[in-house]
2 protein chains.
Amino acid sequence: MPMPLQPIKPKNISDQVFDQIRESIFRGQLKAGEQILPERELSQALGVSRTTVRNAINKLVVLGLLEHKQGQGTFVRSPDTRQGNPLAAAMEVQDATINDLLEVRMGLECNAAALAAVRAVKEDLAFMDASLEEMRAEVSSGRLGTEADTAFHMALAYATKNSVHVYLMKNFYDFLFVGIKKNLSHLYENPRNIDEILRQHGTIIAAIKRRDPKEATEAMRRHIQFVQDFFRNRL
Amino acid sequence: MPMPLQPIKPKNISDQVFDQIRESIFRGQLKAGEQILPERELSQALGVSRTTVRNAINKLVVLGLLEHKQGQGTFVRSPDTRQGNPLAAAMEVQDATINDLLEVRMGLECNAAALAAVRAVKEDLAFMDASLEEMRAEVSSGRLGTEADTAFHMALAYATKNSVHVYLMKNFYDFLFVGIKKNLSHLYENPRNIDEILRQHGTIIAAIKRRDPKEATEAMRRHIQFVQDFFRNRL
DNA sequence: ATGTGACATTGGTATGACCATTAATTTAGC
DNA sequence: GCTAAATTAATGGTCATACCAATGTCACAT
């Protein structure tokens with residue numbers, strides 16, 4: 001009789017550290033340009049050797065998420081200086097347009113909003129609220145709110161509690177958002193657009209807090225539709 | 001007079017090792033599938049520490065040129081497996097369930113169905129019809145219809161005319177049907193399930209032919225819901 | 001023949017030390 | 001006082017060694 005053996009997930013320690021740091025970046029806890037903890041402190045804080053931490057960091061450096069500066073520290077690369085994402089490369093070949101990306105996001109994120117409305121715990125909601133607040137702050141201080149923007153959408157992804165969805169969003173983060181960024185600046189040129197987007201994010205969060213999947217989906221649909229319309233009128 | 005100083009970039013030792021190995025690969029001295037020297041031997045041969053060699057190798061692994069296999073060695077990845085599935089890699093380790101996959105498909109494919117209803121040309125419709133017919137044939141000949149099944153969903157993807165969606169689905173199905181084919185066989189065990197699925201595929205195609213995005217979406221939703229319910233009742 | 005288990009090989013992790021580079025701080029020189 | 005050189009502290013880069021973990025091999029017992 002086949003004893004129902006439990007799996008155990010092996011996974012390298014390095015990769016676990018890798019995931020954790022990457023997640024901090026995606027969640028916006030580590031902002032672009034910011035310096036991360038020194039390797040020695042990180043290793044102590046995580047309870048692993050410096051060797052392991054270095055492996056994880058090196059991986060992130062190769063992927064273009066971090067940047068090493070000997071004698072200074074390790075820093076989070078700002079998205080616009082990122083290059084050489086293997087996925088992004090694959091995209092170029094296929095002449096993907098912004099609208100293509102938005103269409104896919106329409107499917108992925110509307111669905112995600114519904115899932116989040118059912119499963120989000122208060123921690124997830126806190127992350128979403130924080131991203132919203134941060135975006136307001138960034139905007140009122142004159143900067144663009146693109147990073148807080150992505151932080152919001154990533155927070156939503158985590159709230160789905162669906163590892164496949166999170167995985168997808170993590171890996172497509174770069175060209176789902178960054179690819180848009182340069183064009184996004186046009187969207188942010190008009191203060192009215194920013195206000196509208198902030199309002200839309202708020203509406204989505206509200207629906208999720210009310211545990212209303214249908215309205216959450218619809219709010220997300222309107223949000224993405226708004227962005228789509230903007231680009232459509234521009235071209 | 002500003003002497004045109006020559007750069008001389010001492011460069012990291014790791015990077016020097018990195019360059020050397022990479023060059024060997026490009027020159028063909030290290031052929032695809034071949035095993036490279038063990039780290040310990042390499043470090044001795046190059047006169048550097050194993051740490052440094054590991055850094056270089058890790059970089060090449062991240063870039064997809066090499067592949068680590070603990071207990072065996074490090075191997076040169078063949079070019080055709082190189083740009084391979086970003087999804088499948090980290091998926092194995094993750095605790096992704098079938099339901100996670102289906103939830104994401106719910107978002108992606110319902111959306112795709114709507115797009116296809118608007119954009120599918122008669123060629124796309126022909127492909128879908130063909131997959132349906134092929135699946136019928138396979139089933140009635142006793143074999144499983146998994147390949148024709150994927151063919152249907154991929155035909156739908158192509159019909160969206162969205163290169164991003166196609167790219168996602170390609171990788172998605174690569175992974176999907178490697179990992180859970182055996183579970184799928186349970187679904188196909190019962191002839192009634194097969195008939196139902198054939199019927200559902202037909203309904204989706206019909207809605208697309210009628211250029212009815214709303215009904216196409218709904219038909220797809222019911223289809224995936226059906227599969228979800230099946231697995232839910234099974235566990 | 002078969003399969004069980006010790007063994008050798010190889011990548012993964014842990015320590016601890018020291019080197020190299022950079023920025024901040026202090027000190028020497030004028 | 002001010003500038004420039006020297007010192008120092010912080011941080012990433014490298015080294016050496018030991019041991020852990022996974023994998024395949026092969027002799028040995030059954």
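Throughout, protein chains are lettered first and strands after them, A, B, ... in sequence-line order, and every chain is numbered starting at 1.
Side chain B:Arg40 to base C:dG11: a donor-acceptor pair is found below 3.5 Å. Interface remark: the B:Arg50 side chain does form a donor-acceptor pair with the C:dG12 base, using a distance-only criterion of under 3.5 Å.
None of B:Leu46, B:Leu65, B:Leu42, B:Val76 except one satisfies the side chain to side chain contact (heavy atoms under 4.5 Å, CB included) rule with B:Ile21; the exception is B:Leu42.
Remark: side-chain polar atoms of B:Asn162 are paired, donor with acceptor, to backbone N or O of A:Asp100 under 3.5 angstrom.
A:Glu67 has its CD atom 13 Å from the P atom of C:dT22, to the nearest Å. Atom CZ of B:Phe75 and atom C1' of D:dT23 are 10 Å apart (whole Å). For B:Leu60 and C:dG11, the CG to P distance is 14 Å, given to the nearest whole Å. A straight line from CD1 of B:Ile13 to C1' of C:dT21 spans 14 Å, rounded to a whole angstrom. As a whole-Å value, the separation of A:Asn58 CG from D:dT11 P is 17 Å. Remark: P of D:dT14 and CD1 of A:Ile57 are 14 Å apart, rounded to the nearest angstrom. Summarising the geometry, the separation between CD on A:Glu39 and C1' on C:dT15 is reported as 15 Å, rounded to the nearest angstrom. In this structure, the NZ atom of A:Lys59 is 13 Å from the C1' atom of C:dG12, given to the nearest Å.
For B:Thr51 and D:dC15, the shortest distance from a side-chain N or O to OP1 or OP2 is not below 4.0 Å. Dashed line: the shortest gap from a side-chain N or O of B:Gln70 to OP1 or OP2 of D:dT23 is not under 4.0 Å. For D:dT14, one of the phosphate oxygens OP1 or OP2 lies less than 4.0 angstrom from a side-chain nitrogen or oxygen of B:Ser14. Residue A:Thr52 has a polar side-chain atom (N or O) positioned under 4.0 Å from OP1 or OP2 of C:dA14. Between A:Ser49 and C:dA14 there is a side-chain polar atom (N or O) within less than 4.0 angstrom of OP1 or OP2.
Taking the six-membered ring where tryptophan is involved, the planes of A:His201 and A:His153 are perpendicular, since the angle between them exceeds 60° and thus also 30°.
Comparing D:dT11, C:dG11, C:dT10 against the side chain of B:Arg54 picks out C:dG11 as the nearest.
Residue pairs meeting the salt bridge (Lys or Arg N to Asp or Glu O under 4.0 Å) criterion with at least one partner in residues 44-55 of chain B, sequence neighbours excluded, are B:Glu39-B:Arg50, B:Glu39-B:Arg54.
Each of B:Lys69 and B:Asn55 has a nearest nucleotide on DNA chain D; the 5'-most of these lies closest to B:Asn55.
Annotation: side chain of A:Val104 is not in contact with side chain of B:Asn111 (no heavy-atom distance under 4.5 Å).
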